[in-house]
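Notes follow the structure.
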Amino acid sequence: MNQPQTLPVHTPVLIVGAGPTGLSLAIELVRRNIDCLLIDRNPEPLPFDRATVIHSRSLECFETMGTIDAFLARGHIMRGFNIFAFGKVVAQTSFDSLECRHPYDLNLSENETEEILTARLESLGGQVSRGWSLDGLNHTAAGVTASLKSAAGVETTVSADWLVGTDGIHSRVRDAIGIQVTGHQYPARWGVVDGYLPDWQHEPDRAAIQIEAPALNPVPLPAERWRIYFRVYDENDPENLLAHINTGLASLSPGTCLQDPDQPMLYHTFRQLSAHYRSGRVLLAGDAAHACSPIEGHGMNTGIQDAFNLGWKLAHVIQGDAGDTLLDSYELERRPIADAVGASGDVAEELRTIPNEPAAVERVKRALCAMLLPARGQQQAAQAETEIAFHYRDSPLVRSFHADGTTAQQNWLGPRPGDCLPEAGPLFNPQTGATLTLFELMRTTGHLLLWLATEETDAPNIAEIESVLQPGDTCYLISTTPPERLEQTPSAQVSWLIDETGSVHAKLGVIDPTLFLVRPDGHIALRSEPPDLNQVAAYYDLIKK
């Protein structure tokens, strides 16, 4: 493990906490050539964890970061879940019908997620400085001074232009800057234990959710192991935990019991939300900013997506390409999502704390069946699991333009400004012969301009496009018919792609020529119909304020 004896005197960004959120943020900064110091108070990575499920949107983030192959190689694909009442499956959710890049969850222990992210950071030239904890900080309009202490008692001071606290629910960074937190602790504790279920009678790629007590959530892991989340009903009976777990497992799958279990872990859970995500040059992300019930598996994922939102913005500010307007949008975009996730967790917790009485269980069963048996309910539940539907439509950064005014915008088909760019394809590159999808165009660190033409006569002047694009940006002209004069429009930043099947135009809701400007985090910043490069220039002027 890389543990330097000394730390730099100054760093552009100091990140406190090397969990998935801090590691993701460091990767996003280093990918953009921004130096950062990532510290963690633990001398070695923790060998245990609670988070398991990686949702579709986080997998898209990891693909952009360049880590998806490692995750897919080590993780276990989960294609849905079964809901049980009194030993019978009463409802199901399947992810197979989802129209997204990764129509599944990927299950992997959090410590292995951290291993993959650490390896990626190191491959980019970064590292984790372990055994250092935050002892105090002072922040002014010009920067931050952090007092750090090593595990061996060595004290040092590091100055930073920016500091980001990704140091968990009991964040020292948050406490040091005096940001208030609201929320509550859930009354019943949860526990988790890993082991084998050799006689499991249900699909190995689906989680199980048991409604009645003892409430269990068996979740499949790699190498045929399972992670069992369970409610702790009797705080005074820790020695019989495994017996209670096996009783629940036998109800779900007669004859099944947990084999080769590790040591059960018990923990309290919280819903928590910080009043603000920023104070001057200090920002919060992940559990330092919010916490939610673990039932729906959103906690770690929300933190990773915080980092994916913040990383490119902080890099733009440090490089002098943006101002406070861009950085202020981080809280405005991410905090409402954390609030919604927390509220959803409250509902899920309430459903899991029903009295262990047949009438109460039957009522919850009827409610779940009413939601999940109809095809629309199935799709909504699966979509919610992916987190791809989270949007920034209310962000001050997003822009819309239609020559016929706002009424015409309300009739737009396809995604709107603030939405994630959907996956679609194929797109044929006549210059290289390659076939691509929309998501593959996003493997960049800059903005992406998509000029959706209907035929070559709709094409703009390439020089005019290049005059608007910023360094690191790319542009693709996409038409449904091949351009005859392609050889006359070579460009380092602009390429032409052919939507031969029309599927990309259809997925984006494009009938007439339309322009999309996509942010580095994959969310649509601007939709313009017809394409208007003045709208693109106005967006860049906005984020520079």
Side-chain angles (χ1 to χ4, degrees), residues 1-46 65 114-115 117-168 171-177 277-289 303-304 306-308 310-320 327 330 445:
M1 180 58 60
N2 203 345
Q3 185 178 346
Q5 295 299 311
T6 58
L7 300 179
V9 175
H10 176 81
T11 182
V13 184
L14 172 60
I15 305 171
V16 181
T21 301
L23 287 162
S24 296
L25 178 60
I27 290 170
E28 285 299 280
L29 291 172
V30 175
R31 281 206 311 133
R32 294 172 169 83
N33 299 313
I34 302 296
D35 290 334
C36 62
L37 173 62
L38 173 59
I39 65 169
D40 195 274
R41 63 186 178 87
N42 297 301
E44 298 290 339
L46 295 177
M65 294 179 199
E114 293 176 359
E115 288 176 13
L117 294 176
T118 300
R120 177 56 175 156
L121 178 61
E122 292 174 349
S123 75
L124 294 168
Q127 66 178 16
V128 181
S129 295
R130 294 198 168 275
W132 292 96
S133 59
L134 180 72
D135 203 35
L137 66 85
N138 293 309
H139 63 112
T140 67
V144 183
T145 302
S147 300
L148 307 179
K149 181 180 291 187
S150 76
V154 177
E155 298 180 358
T156 190
T157 300
V158 174
S159 66
D161 299 323
W162 299 89
L163 187 149
V164 184
T166 59
D167 51 340
S171 171
R172 291 187 179 183
V173 173
R174 186 187 63 230
D175 291 345
I177 58 178
Y277 283 17
R278 179 186 177 192
S279 177
R281 288 179 172 263
V282 181
L283 300 109
L284 304 175
D287 287 352
I304 290 166
D306 286 347
F308 202 62
L310 176 60
W312 73 272
K313 295 176 179 179
L314 192 54
H316 267 60
V317 171
I318 292 172
Q319 292 164 340
L327 208 52
Y330 164 63
T445 57

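Count residues from 1 along the sequence.
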* To do: For the pair L23 and E114, evaluate side-chain contact (heavy atoms from CB on, under 4.5 Å) and give the outcome as yes or no after the intermediate values.
  => CA-CA 7 Å; L23 287 162; E114 293 176 359; 4.0 Å; yes
* Report the C-alpha separation of V154 and W132 in whole Å, then their side-chain angles, then the decisive distance to 0.1 Å, and conclude whether the side-chain contact (heavy atoms from CB on, under 4.5 Å) test is met. => CA-CA 9 Å; V154 177; W132 292 96; 4.3 Å; yes
* To do: May I have the step-by-step check of side-chain contact (heavy atoms from CB on, under 4.5 Å) for W162 and L14, ending in yes or no?
  => CA-CA 6 Å; W162 299 89; L14 172 60; over 6 Å; no
* Stepwise, does the side-chain contact (heavy atoms from CB on, under 4.5 Å) test hold for L121 with Q127? -> CA-CA 6 Å; L121 178 61; Q127 66 178 16; 5.8 Å; no
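One finds the CG atom of D287 at 10.0 Å from the OG1 atom of T166 (value rounded to the nearest 0.5 Å). Between L25 atom CG and L314 atom CG the span is 7.0 Å, to the nearest 0.5 Å. L283 contributes atom CG, which lies 11.0 Å from atom NZ of K313 (distance to the nearest 0.5 angstrom). Note: L284 CG to R278 CZ = 11.5 Å, rounded to the nearest 0.5 Å. The CG atom of L148 sits 8.0 Å away from the CG atom of D135 when rounded to the nearest 0.5 Å. Atoms CD1 and CZ, on I27 and R32 in that order, are 11.5 Å from each other to the nearest 0.5 Å.
A donor-acceptor contact shorter than 3.5 Å links the side chain of D40 to the backbone of A18. D167 places a side-chain N or O within donor-acceptor distance of the main-chain N or O of V173, the cut-off being under 3.5 Å. The closest donor-acceptor contact from the side chain of R281 to the backbone of D161 lies under 3.5 Å.
In terms of heavy-atom proximity, I304 sits nearest to P20 at CG1-CB, 4.1 Å. Contact between G17 and L38 at its shortest, heavy atoms only, is O-CD1, 3.5 Å. Closest heavy-atom contact between S24 and M65: CB-CE, 3.7 Å. Pairing each heavy atom of H10 with each of S159, the nearest pair is ND1-OG, 2.9 Å. Of all the heavy atoms in C36 and L29, the pair that sits closest is CB-CD1, 4.2 Å. The two residues V164 and L310 have their closest heavy-atom pair at CG1-CD2, 4.1 Å.
I177 places a side-chain heavy atom less than 4.5 Å from the side chain of L137. At a threshold of 4.5 Å between non-hydrogen side-chain atoms, the residues E115 and P45 do not count as touching. A 4.5 Å side-chain heavy-atom check between I39 and I15 finds every atom pair outside the cut-off.
The number of heavy-atom neighbours closer than 6.0 Å to CZ of R41, taken from other residues, nucleotides and ligands shown, is 12 or below.
Of the candidates W312, F308, Y277, Y277 is the only one forming a ring pair (Phe, Tyr, Trp, His ring centres under 6.0 Å) with Y330.
Evaluation of the side chain to side chain donor-acceptor pair (under 3.5 Å) test over residues 144-156, restricted to residues two or more places apart or in two chains, returns none.
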